[in-house]
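Once you've had a glance at the structure underneath, I'll fire off some questions.
Worth saying up front: this structure is predicted, and the values here are computed from it rather than measured. What you see below is based on every heavy atom in this structure, not just the backbone, and it leaves out hydrogens, waters and symmetry mates. Throughout, protein chains are lettered first and strands after them, A, B, ... in sequence-line order, and every chain is numbered starting at 1.
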Amino acid sequence: MKLLTHNMMASHCKGAKGGYPLKVKCTEMTEEEVDFNGEFIARMLPRIQFDALRQTVGEIGLKTSLPGAVPDDAATNETFLKELHHVLLEVQIVEGELECPDTGTKFPIKNGIPNMLLPEE
Amino acid sequence: NTNMSKRPEHAAPPEVFYNDEEARKYTINTRMIQIQYELTRRCMELINLPKDQPCYVLDIGCGSGLSGQELAEDGHIWVGTDISPSMLEVASEREVEGDLMQHDMGHGVCFRPGTFDGVISVSALQWLCNADKKSHVPAKRLARFFTTLYSSMARGARAAFQFYPETPAQMQLITNYAMKAGFCGGIVTDYPNSTRAKKTFLCLIAGAGGALPTPKTEGDSNLAQTEAAFTTMDRNNRHKKRGEKASYKSRDWIQQKKERRRKQIGNFDVRLDSKFTGRKRKPKF
C-alpha cells in the first residue's frame with residue numbers, strides 16, 4: 001500500500017467520527033521506483049493532508065527530508081515535489097496493520113494489500 | 001428460465017465465485033480480456049477525464065487489474081478495490097501499477113471527501129443487489145455505497161459503472177439510490193437493439209449537472225463516435241490544445257500503443273508494424 005492511498009483513506013467503521021488518519025503499524029516496507037510526474041503531485045497537493053502524512057511517516061519510521069510544513073512555493077518547488085513523490089508513491093507498506101483511530105478496529109495488510117472488510121454487523 | 005441460472009450472482013457470493021480458478025481465467029482467456037478491455041475503454045470515455053492531465057481514479061471491482069492497466073496506460077494513477085482475495089492475488093502477481101485493497105462496496109467507500117477525479121467499475125454493480133449474508137439488506141448497502149461514493153468524488157467528477165442488470169426493476173432500484181445520494185446522470189445503453197452487443201452503463205456526475213452522453217448505436221462507425229460523447233460540456237478542455245498524444249485510433253496512436261504493449265509484462269501478442277498498420281479498410285468490405 002502506498003502512502004498516497006493511506007493519506008486519502010478514512011475509516012468507514014460504524015461509529016467512526018471521521019476515522020482519520022488510520023494508524024499504521026508497519027513490519028515490512030519496500031521502495032519501488034515510479035516515474036516522477038510533477039504535474040500529478042502538484043495537482044494532488046490541495047487534497048493531501050500534510051500533517052497526517054508527517055504523522056504516518058513517523059509511525060512507520062521512514063527517513064525523509066520532507067519539511068515540517070508545505071512550503072509556499074510547493075507547486076513549483078521541484079525538490080519538494082520529488083521528495084513528496086517518493087514518499088507518496090514509491091514507499092510501500094508490504095506487511096502491517098491499519099487501525100481505526102475512533103473504534104480501534106484493525107485491518108491487516110498482507111502482501112501490500114490492506115483488508116478493509118468490516119466485521120459483520 | 002435457463003438464462004437466470006447462468007448469472008454468476010446467483011451461483012455464490014463474489015468472494016466465493018471469483019476463486020483461484022475463476023481468477024486465473026482473467027489472465028489466460030483472451031476473449032475475456034478483450035471484453036474487459038473494451039468495457040474499460042468505454043467507461044473511461046464516459047467519465048471524460050481531462051486528456052492531458054494525470055488523474056486520480058478509483059476502480060471498483062478491479063479484479064485482476066486489467067481495467068487499471070488501461071488507466072495507467074493513459075497516465076492516470078489508480079486505486080483498485082475488490083472483495084475477492086483470489087482476484088487481488090492475480091492482480092498483485094501481474095505487478096499492476098495501481099494500489100490494491102480488499103473491500104466490500106456495500107460497506108461504503110473508505111476514502112476522504114473529494115479524493116477522486118473519476119470512478120470506473122466493470123461488471124461489479126449487479127453484485128451489490130444480492131443478499132449473500134443474513135446481515136445483507138440490498139437497499140441499505142446500495143444507499144451506503146452511493147452516499148459514500150458521492151462524497152469521495154471531487155465536485156464535477158464522473159463515475160461510470162458497466163453492469164448487467166437482471167430486471168428493469170433492479171435497474172430502477174440502483175438508479176434511485178444513486179439519485180438519492182445526490183448524483184446527476186442515469187443509464188446509458190449502447191447498442192440497445194442488439195442482444196449480444198447491448199451494454200448498460202450507469203453514468204453518474206457528482207455535483208454539477210449535465211446531459212447524459214450519447215449511447216452508441218448500430219449505425220455508428222467506431223472511429224468518429226467515441227470522441228463525440230461529452231465534448232459539448234467539456235468546459236475544461238474546450239480551449240486547450242491536445243498534448244503530444246496522437247489522435248485516437250490514428251496510425252501514430254496505434255504504434256504508440258503497440259510500443260507500450262511490447263514493453264509490458266504479460267504475453268501480449270503484438271503484431272509487427274507494416275505498411276498496413278492503422279490503414280482504413282475500403283467501405284465496400
Chain B contact via A/I93 - which portion, at a heavy-atom distance below 4.5 Å: neither
- prompt: More than 12 foreign heavy atoms under 6.0 Å from NZ of B/K257: is that the case here?
  reply: yes
- line: So CE of A/M116 and OG1 of B/T81: to nearest 0.5 Å the spacing works out to 11.0 Å
- prompt: Who among B/L100, B/V79, B/L88, B/I83 has the most heavy-atom pairs with chain A under 4.5 Å?
  reply: B/L100
Contact class of A/N37 relative to chain B, heavy atoms under 4.5 angstrom: side chain
statement: Distance col, row A/M8:CE vs B/T115:OG1, nearest 0.5 angstrom, shows 5.5 Å
message: Need one label for B/H76: side chain, backbone, both or neither, based on atoms under 4.5 Å from any heavy atom in chain A.
response: neither
- prompt: What part of A/L22 gets closer than 4.5 Å to chain B, counting heavy atoms only: side chain, backbone, both or neither?
  reply: neither
- prompt: Just wondering, are more than 12 heavy atoms of other shown residues or ligands nearer than 6.0 Å to CG in A/D72?
  reply: no
- line: Here the gap from B/E89 atom CD to A/I113 atom CD1, rounded to the nearest 0.5 Å, amounts to 8.0 Å
message: Please classify the contact of A/Y20 with chain B as side chain, backbone, both or neither, using a heavy-atom distance under 4.5 Å.
response: side chain
- prompt: Can you tell me if CD on A/E31 sees more than 12 non-hydrogen neighbours from other groups inside 6.0 Å?
  reply: yes
field: Non-hydrogen atoms of A/Q92 and B/D99 that approach each other most closely
entry: OE1-OD1, 4.4 Å
message: Is it true that, when you exclude A/E28 itself, more than 12 heavy atoms of the residues, nucleotides or ligands shown sit nearer than 6.0 Å to its CD?
response: yes
field: Distance, nearest 0.5 Å, that separates CG of B/D104 from CG of A/L118
entry: 8.0 Å
message: Could you tell me if the side chain of A/H12 sits less than 4.5 Å from the side chain of B/V109, heavy atoms only?
response: no
field: salt bridge (charged side-chain N to carboxylate O under 4.0 Å, His left out) contacts in which one or both residues fall within residues 36-51 of chain A, not counting sequence neighbours
entry: A/R43-B/D117, A/R47-B/D117
query: Do you know the tightest heavy-atom contact between A/L4 and B/Y56?
result: CD2-CE1, 3.5 Å
field: Approximate separation, where rounding is to 0.5 Å, of B/F111 CZ and A/M9 CE
entry: 5.5 Å
- line: To the nearest 0.5 Å, atom CD of B/E97 lies from atom CG of A/D35 at 9.0 Å
field: A/E32 portion near chain B, given a 4.5 angstrom heavy-atom threshold
entry: neither
statement: side-chain hydrogen bond (donor to acceptor under 3.5 Å, both in side chains) filter on B/S151, not counting sequence neighbours, yields none
